[in-house]
Amino acid sequence: MAVKRKKILFAVSEAVPFIKTGGLADVAGSLPKNLDSRYFDCRVIMPKYTCMKAENLKTLKFLCSFTVHHDGRDIYAGVFTLTKAGIRFYFIDNEEFFGGDKPYGDWYYDISKFCFFEKAALMAIKAVDFRPDIIHCHDWQTGLIPAYVNELRSDPFYSRIKTVFTIHNLKFQGRWGIDHMKWITGLPDSYFTSEGLEYYNDGNMLKGGVVYADAVTTVSRTYAEEIKTPEYGEGLDGLMRKRAWALRGIVNGIDYREFNPESDRLISAFYNSENFSLVKNKNKKALQKALGLSEDDGKLLIGMVTRLTDQKGLDLIGQILETLSGDDIQIAVVGTGDERYEAMFMEAAQRHPGKIAAYIRYSDEMAHKVYAGADAYLMPSRFEPCGLSQLIALRYGTVPIVRETGGLKDTVIPYNRYSGEGTGFSFADYSPECLLSCIRYAEDVFRENKEAWDGLIRSGMNTDFSWKSSALSYQELYDWLIG
Ligand code: GLC
């Protein structure tokens, strides 16, 4: 007998392969594919940005359009669709909101933009007659959907829909003055109490997800605990403690097809956990060459692929960079972000040519080359809900050096010099001294104990960070909610 598949709708502001500014897009692009399609019909709804790749925009099929009442006007919303790798995507079209050369911009405008998206997404599923059992929302841009579903309960189309809200980053909440939020959301005053969307006299979109969703998740167990504390709670730790029974941490996976050192066409030489000691150095040489670093096997090459923001612990790096550049190492940074961090790395690269390289651009190709070619991968984050790059580094046998926070703590096992166990190096205190001594410890093992270093590489490469087990956790959650 054929089973009736459960219908899941991901509502999200970005997803690979269409548009990406961060890890959220990787998760939204890869988790749906990894749910068991015999039991789950998982689809994705997102904005149709005009800055998406032309080849994708060209292939979208128009389904229908309607008007959304928003900001005192009736505004056009189109629905387009495309099936990619077996997953059906829906796109909400409105060039006034989703035009421009990047998905996010002005903070104030983004609030109105995603509020429009949330309303339109809920209207779109009715218009195309896809009634999900669960809408799985991600981050503040879709935080109001659980509140709207709650408000729409009297309509039989929405009355049985359950909602899940996943926090990828608590720092961004979508806040604005309460009167404006009332106006833009159109939700009744009763939603704007301290039990609801109100937050220090603002309306808070992310809070909508945490308060009104049937289940709340975040992307690692440690982060799920951390956000219940004032240090990491971004002002919402009290709410997190209150919702603790509905909140769980499920660690992200990575797409094992995209990130596979045995078949990655963006790297110079393929390798695996058996032959890495013969082959990985070819990738190191290629990386050194591509970035103008001196071509030398013996130096510990430390890589970073990152958004250059405060979250990533770059102020710590800034405090030790000059000292560190006196060591017998090399550093390769790939990424863009805050000007001061871009300048910090560019200036360091100028002062230490051949030793420090700053590739201040977003480049998938260079990112893969760093994952494959560096010896160690540095991620001293101030906070890290999950972190995907340390998982990619582990898969590529590039030994992570991380701060013990959030997903970094859950996925990197610190090296134990007595047993030889571990997959990387880690430190706890957010201080430049701890960071420096952790890096120096790694330098030491790299230089003095090749066997131990190779053991770390092997253990990392042999740990499974595919979506396999985390997708099962989401499936269990969906089953539990639907009953
Ligand atoms: C955000 C978080 C990151 C996480 C990603 C995907 O970008 O900062 O830690 O891995 O979302 O969940």
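Indexing begins at 1, ligand by ligand and atom by atom, following the structure's order. We number each residue from 1, following the sequence as shown.
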Can you find an N or O of His168 that's nearer than 3.5 Å to an N or O of ligand 1?
yes

Could you see which bit of Arg307 sits under 4.0 Å from ligand 1, with heavy atoms only: side chain, backbone, both or neither?
side chain

Non-hydrogen side-chain atoms of Leu197 and Met181 separated by less than 4.5 Å:
no

Heavy-atom check, side chain of Leu321 versus side chain of Ile331, under 4.5 Å:
yes

Under a 4.0 Å heavy-atom limit, does Asp26 contact ligand 1 with its side chain, its backbone, both, or neither?
neither

Heavy-atom contacts with Asn169 under 4.0 Å: which atoms of ligand 1 show up? List them by number with element.
8 (O)

So, does Asp338 use its side chain to make a donor-acceptor pair with the main chain of Arg340 at under 3.5 Å?
no

Give a yes/no verdict on whether any heavy atom in Gly387 is under 4.0 Å from an atom of ligand 1.
yes

Test item: Tyr430 side-chain N/O and Leu435 main-chain N/O as donor-acceptor pair under 3.5 Å
no

Using a strict cut-off of 4.0 Å, indicate which atoms of ligand 1 neighbour a heavy atom of Val27.
6 (C), 12 (O)

Which of the numbered atoms in ligand 1 are under 4.0 angstrom from any heavy atom belonging to Leu388?
10 (O)

So, Asp41 and Arg88, do they make that salt bridge, N to O below 4.0 Å?
no

Starting from atom 9 (O) of ligand 1, find the nearest protein heavy-atom neighbour and note its residue, name and distance.
Glu384 OE2, 2.4 Å

What is the closest protein heavy atom to atom 8 (O) of ligand 1, and at what distance does it sit?
Gln311 NE2, 3.0 Å

Nearest-option assignment for atom 6 (C) of ligand 1, heavy atoms, candidates Ile167, Val219, Asp139, Asn252:
Asn252

Contact (N/O only, under 3.5 Å) between Gly22 and ligand 1:
no

So, do Val412 and Met379 sit near enough that their side-chain heavy atoms are less than 4.5 Å apart?
no

Residue pair Phe130, Tyr90: steps toward the side chain to side chain contact (heavy atoms under 4.5 Å, CB included) verdict:
CA-CA 11 Å; Phe130 177 71; Tyr90 296 106; 4.1 Å; yes

Candidate pair Thr50 and Glu95, rule side chain to side chain donor-acceptor pair (under 3.5 Å), full reasoning
CA-CA 7 Å; Thr50 53; Glu95 295 200 355; 6.0 Å; no

